[in-house]
There are 2 protein chains.
Amino acid sequence: MSATIRDVAKRAGVGVGTVSRVLNDHSAVRASTRQRVLDAIKELNYVPSQTARRLSSGKTMMIGLVAPFFTTPSVVERLRGIESVIGESDYDLTIFNVESEDGLRDCFQALYGREKADGLITISVGPTEAEYLRFQNANMPVIMIDGDLPYLNRVSVDDTFGGLQATQHLLKLGHTRIGFVSDLDKERLGNHSTADRFLGYQQALTRAGLEVDNGLILAGEHGRHAGYEMGFRLLFQVEGRPTAIVCTSDTYATGVLQAAYELDIDVPYELSVIGYDDIEMAKALNLTTLHQPLFESGVLGANWLLDQLAGETTEMEKRVLATKLVLRGTTTRPVS
Amino acid sequence: MSATIRDVAKRAGVGVGTVSRVLNDHSAVRASTRQRVLDAIKELNYVPSQTARRLSSGKTMMIGLVAPFFTTPSVVERLRGIESVIGESDYDLTIFNVESEDGLRDCFQALYGREKADGLITISVGPTEAEYLRFQNANMPVIMIDGDLPYLNRVSVDDTFGGLQATQHLLKLGHTRIGFVSDLDKERLGNHSTADRFLGYQQALTRAGLEVDNGLILAGEHGRHAGYEMGFRLLFQVEGRPTAIVCTSDTYATGVLQAAYELDIDVPYELSVIGYDDIEMAKALNLTTLHQPLFESGVLGANWLLDQLAGETTEMEKRVLATKLVLRGTTTRPVS
DNA sequence: AAACCAATTGAAATCGATTTCTACAGATTT
DNA sequence: AAATCTGTAGAAATCGATTTCAATTGGTTT
């Protein structure tokens, strides 16, 4: 079918080894020889076979991306950042979607062999320490985005600070009864960011001299509907109803907004709502939220992995990106 | 490192050919021999090397997914459907994001060699006929989702009917000045769905005995902001302002809604807006829209490709899924 | 001019499977 | 009992690169 390295060698009147050396510019090849080889390559329209290269070099030139892609829109935004970097590199991107704990284990299991990828990026989920050691043995670098497993190189945002910022914003406006809508008790798949955000929420309240009221703290499944249900539960009560709600995702916030709408509670005057992530929808809904550098986190993680694949080794490290409060129309001072 | 086929052969006291035959159960192997090989495999914890298998068999066990992933949320929903099928198969999914015409050509160029994938799924974009012939020569099946290139196997929705449904809904409510916000004149990357929706829009008007007013038909870039600008242009004029707007995506619709909001035009009473896609955001915004079977389209396309990779050949074909009108809060009869 | 060294480069081994080709056993036919 | 099949299975070629090893070349050193 298409030309092989042997054809090129014959054409240029050299050995296959020399052609390979020209391709990878490993050791020295005389300029004139190199030119002859390059000419032959051009004439034959030769493209080296990735597959063969893989087998002999032991590299797959693939990067595996492990993530629960479809639980939240934010994962996609991170993916975008990753793709923008990997797409420009010599590597290709293979995606592994995980939807459950079992799926995650199976996924890592399948990746140990270095057969599917040279390195891994994970989003929100991560290997156990034992699993990570196996990757380390196989010399496969792993970068985790949005997570905080201490034995991994990881990119995260300062979620504690994010929770603090969100809550303090509401406190400054004068709110004292502030609800918290989250997926807290889930903590599944190794993602601690919700717990950190909750920590920030607590800190803010404590610093303001307020007590944490467990009745205002809810946790549920993922998704808009869960947000709606939690919002409804918080807002249905007439006495002691919160005047503001911190949501750990914009998706939840949209659910809360709907609950408020159905209960005929005016946002922002009767209820302030703040989200987290700053996804596209947040702009459309004019939602005050905490912007996460999602795209940037992908870029950072991907570049980091490429550096490691290029041989650069660094100390185990956590690289932290900052969140930013984005003021829009769903928060204001409470009517008193 | 890990055991190879030779180790297994030695252990079982057979030749490598026999082991391979057991692995792929090609030709007959005596039951007792087979058992010995299977035992050896288990004892050595042997897993065949994908990479080596690729080289000798010429199959990559990869499916390439070519799409403009980040232009619209709907692509991600389709991806979800695809992943749900491919994830269960023996194939892995490699994604190729394309952001421009050039990028698309380069991408196909890189895929001809069968080095990166055994088959291709494309979303919204597709190869030219010449490009497709090269894939055909390489015996690589291609399935296009959301497009209508006649030389391809393709999954699409009946966009003409969709445009018709949307427009007729507004006509039935009593609207006569109906705007159309789209990316019409772009038609780039081989995607004809917008043109079809426009066709439906025209048909609906014509059947109702109305003239098509070019002043009400706008086209622009992708994205919310473009929708905002087009909405603004349509709504800014006081005389002859449309009482309803058909948008070719929900994303546009959100932009139009914002324009209406800023111009203090009440939706739905002063302006009806209908979107297209039924993305998550549409529910949050209570947007009337045309639901597309996005997830299902991915499932259908992926299964189809797997069938073809398994050797099944069918006539060149277009498989059409139906759209569905979803009534929500942004359309009502005009105030007259 | 002999000896030596460095830069090049070809030949061959290797990666780990699949697949073809051939050989051998035992069963069946004549 | 000789001849012919058929079912099994081993040996070796193959896929298309990389990489090691050894050989050659030419230039330098003494």
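Throughout, a chain's letter reflects where its sequence line sits, starting with A, and its residues are numbered from 1.
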Q: B:S56 side chain: which of C:dG16, C:dT9, D:dT8 is closest?
A: C:dG16

Q: Just N and O in the side chain of B:R54: are any of them under 4.0 Å from OP1 or OP2 of C:dA17?
A: no

Q: Please state how far atom CG in B:D7 lies from atom P in C:dC15, giving the value in whole angstrom units.
A: 11 Å

Q: Rounded to whole angstroms, how far apart are CG on A:L23 and C1' on D:dT19?
A: 14 Å

Q: Please give, in whole Å, the distance from C:dA17 P to B:L44 CG?
A: 12 Å

Q: Check this for me, if you would: do A:E77 and A:R80 make a salt bridge, where the nitrogen-to-carboxylate-oxygen distance has to be below 4.0 angstrom?
A: yes

Q: Please report, rounded to the nearest Å, how far the P atom of C:dA17 is from the CD1 atom of B:I41.
A: 10 Å

Q: Relative to the 5' end of DNA chain C, which residue comes earlier, A:R6 or B:A52, by the nucleotide with the nearest heavy atom?
A: A:R6

Q: Between D:dG16, C:dA17, D:dG10, which nucleotide has the shortest distance from any of its atoms to the side chain of B:P48?
A: C:dA17

Q: Looking at D:dA17, C:dG10, C:dG16, which one has an atom nearest to any side-chain atom of A:L55?
A: C:dG16

Q: Where the side chain of A:R21 is defined as all heavy atoms beyond and including C-beta, which of C:dT19, D:dT20, D:dG10 is the nearest nucleotide?
A: D:dT20

Q: In whole angstrom, what separates B:K59's NZ from C:dT19's C1'?
A: 14 Å

Q: Mind checking if A:V19 touches a base, just sugar-phosphate, or nothing, with heavy atoms under 4.0 Å?
A: nothing

Q: Would you mind telling me which of A:Q308, A:E315, A:M144, A:K318 makes a side-chain contact (heavy atoms from CB on, under 4.5 Å) with A:N153?
A: A:Q308

Q: Which nucleotide, D:dA17, C:dT9, D:dA9, lies nearest any side-chain atom of B:T33?
A: D:dA9

Q: What orientation do A:F135 and A:F108 show, parallel under 30°, tilted 30 to 60°, or perpendicular over 60°?
A: perpendicular

Q: Keeping B:S20 on the side-chain end and B:V16 on the backbone end, is there a donor-acceptor pair under 3.5 Å?
A: no

Q: Without decimals, in angstroms, what is the distance between A:Q50 CD and D:dC15 C1'?
A: 15 Å

Q: Specify the residue among B:G15 and B:E115 whose closest nucleotide of DNA chain D lies further upstream toward the 5′ end.
A: B:G15

Q: Answer yes if the side chains of A:T51 and B:R54 hold a donor-acceptor pair under 3.5 Å, and no otherwise.
A: no

Q: Quick check for you: among C:dA17, D:dA17, D:dC15, whose closest atom lies nearest to any side-chain atom of B:I5?
A: C:dA17

Q: What nucleotide among C:dG16, C:dG10, D:dA12 has an atom nearest to a side-chain atom of B:V16?
A: D:dA12

Q: In whole Å, I'd like the distance from the CZ atom of B:R53 to the P atom of C:dT18.
A: 5 Å

Q: Using a cut-off of less than 4.0 Å, is there contact between a side-chain N or O of B:S20 and OP1 or OP2 of C:dT18?
A: yes

Q: Measure CZ/A:R114 against P/C:dC15 and give the value in whole Å, please.
A: 16 Å

